[in-house]
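If you read the sequence from its start, that first residue is 1, and numbering goes on from there.
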Amino acid sequence: MSLTLFIMQCLNGLQLGVLLFLMAAGLTLVFGIMNFVNLAHGSLYMIGAFIAATVYNYTGSFALAAIAIVPAMLLIGLIVEFVALKTLYDRDHLDQVLATFGLILFFNELARMIWGPSPYYMEVPDWLSGTVDLFGLAYPAYRFLIIVVGLAVALGCYLLIHRTRIGMLIRAGSTHRQMVGALGVNIVLLNSLLFGLGAVLAGIAGLMAGPILSVQPGMGEPILILTMVVIVIGGIGSVRGAFLAALIVGVVDTVGRTALPTLLRSLMERSTADTAGPALASMLIYLVMAAVLAVRPQGLFPVKHG
């Protein structure tokens with residue numbers, strides 16, 4: 001593998017990593033802080049992609065799609081939380097898994113009814129269709145924008161959780177829910193807003209993924225699996241862990257799919273390497289997760305209380 005190709009794949013891995021972080025940030029807030037297993041998080045990502053694609057195709061403006069996605073996903077998140085999930089917070093995880101799995105089926109069928117079963121496309125806007133010069137390396141401008149947006153969201157999440165009063169209440173409510181409620185804080189409203197924030201982050205991920213992927217029903221499940229891997233590796237409830245683990249998963253997955261087949265060709269016959277390489281590369285991140293769980297069951301960057 002040439003140095004240029006390796007650097008390009010590392011940048012692509014960084015782009016995939018920050019996209020996964022947009023998903024993992026919302027899911028780890030809901031899962032780690034609210035102790036709620038939300039399998040429908042991938043469906044919120046899918047709905048966000050469809051809404052963004054619809055607004056973009058109707059108006060021709062990517063900026064309007066970006067502006068519309070925040071209030072739209074916040075409203076959808078609050079409605080879903082109020083109608084379907086609010087009564088499940090005190091139930092065990094099996095009830096939460098079954099309910100949110102039902103939401104996956106509901107949202108997939110809803111997307112087919114509204115947008116049809118065929119892929120729905122969202123083109124890269126003209127002003128982002130070029131390249132940017134990164135130390136002499138031409139890199140697609142839109143993929144670079146995804147990296148910038150992901151890093152900005154990571155900084156925003158850090159400031160929200162660790163530098164604001166709301167973040168203090170969120171952290172306190174994750175471990176001392178009754179005490180926070182006894183101090184006069186509306187913990188129910190706080191949880192609703194936290195779920196809405198998770199939905200917004202999932203919608204932003206759908207917005208950014210729309211121009212580089214085909215928007216279609218069922219697109220939320222594959223990225224949900226990768227997001228779960230990120231959360232397990234990083235540590236449940238840790239936003240910092242989700243960010244660092246997302247970068248690890250993104251780079252390992254992207255570079256592995258390119259480097260592993262090339263490495264195997266030098267060790268075995270080309271036909272065998274071409275068959276085994278992609279299969280092993282697709283398993284690589286799960287092998288990383290298994291290794292992390294064997295050494296640190298709590299994840300690489302667990303939440304530190306106290």
Side-chain angles (χ1 to χ4, degrees), residues 16 19-56 65-66 68-89 91 93-122 153 191-232 236 242 246:
L16 174 60
L19 191 63
L20 288 175
F21 171 72
L22 290 174
M23 285 288 293
L27 188 57
T28 199
L29 288 173
V30 174
F31 187 21
I33 295 179
M34 295 170 60
N35 195 30
F36 185 85
V37 183
N38 179 25
L39 294 186
H41 197 70
S43 297
L44 296 174
Y45 159 83
M46 175 192 68
I47 294 298
F50 270 117
I51 291 175
T54 301
V55 174
Y56 176 76
I69 200 68
V70 174
M73 291 309 300
L74 178 61
L75 179 61
I76 290 173
L78 292 176
I79 291 174
V80 169
E81 192 269 347
F82 180 78
V83 173
L85 305 180
K86 199 169 187 177
T87 59
L88 297 174
Y89 290 148
R91 306 280 287 272
H93 286 166
L94 179 59
D95 292 338
Q96 297 168 1
V97 167
L98 292 174
T100 52
F101 180 76
L103 284 178
I104 293 176
L105 303 179
F106 169 78
F107 279 119
N108 284 342
E109 290 304 316
L110 180 65
R112 290 189 181 93
M113 291 171 57
I114 297 175
W115 291 283
S118 301
Y120 198 76
Y121 294 99
M122 178 180 178
V153 170
N191 283 343
S192 297
L193 293 176
L194 191 60
F195 191 91
L197 175 61
V200 169
L201 293 176
I204 294 174
L207 163 73
M208 303 310 297
I212 59 176
L213 300 173
S214 60
V215 182
Q216 57 188 340
M219 66 180 291
E221 284 77 80
I223 197 169
L224 177 66
I225 295 173
L226 291 177
T227 304
M228 289 292 191
V229 172
V230 167
I231 291 175
V232 170
I236 295 175

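With sequence neighbours excluded, the residues satisfying salt bridge (Lys or Arg N to Asp or Glu O under 4.0 Å) with Glu109 are Arg112. Applying the side-chain hydrogen bond (donor to acceptor under 3.5 Å, both in side chains) test to Ser192 and every residue at least two apart in sequence or in another chain returns Glu81.
Note: Tyr89 and Phe36 have perpendicular aromatic rings, judged against thresholds of 30 and 60 degrees for the angle between ring planes.
For the pair Leu201/Met23, no side-chain contact is recorded, criterion being any heavy-atom separation below 4.5 Å from C-beta on. Contact annotation: the side chain of Tyr45 never approaches that of Leu207 to less than 4.5 Å [non-hydrogen atoms, C-beta and beyond]. Within the 4.5 Å cutoff, the side chain of Leu75 has heavy atoms near those of the Ile79 side chain. With contacts defined as side-chain heavy-atom distances shorter than 4.5 Å, the pair Asn38/Phe195 qualifies. Looking at Ile225 and Glu221, their side chains never come closer than 4.5 Å, going by heavy atoms from C-beta outward. Side-chain contact between Tyr120 and Thr54 is present, with at least one heavy-atom pair separated by less than 4.5 Å. A heavy-atom distance below 4.5 Å is found between the side chains of Leu27 and Leu224. Using a 4.5 Å heavy-atom threshold, the side chains of Leu85 and Leu103 count as touching.
Gln96 places a side-chain N or O within 3.5 Å of a backbone atom of Arg91 that can act as its donor or acceptor partner. A donor-acceptor pair under 3.5 Å is formed between the side chain of Thr227 and the backbone N or O of Ile223. Of the possible donor and acceptor atoms, one in the side chain of Thr100 sits under 3.5 Å from a partner among the backbone N and O of Leu39. Judged by distance alone, with hydrogens and angles left aside, the side-chain atoms of Asn108 form no donor-acceptor pair with the main-chain N or O of Pro217 at under 3.5 Å.
Here the closest heavy-atom approach between residue Gly210 and residue Val215 is recorded as CA-CG2, 3.9 Å.
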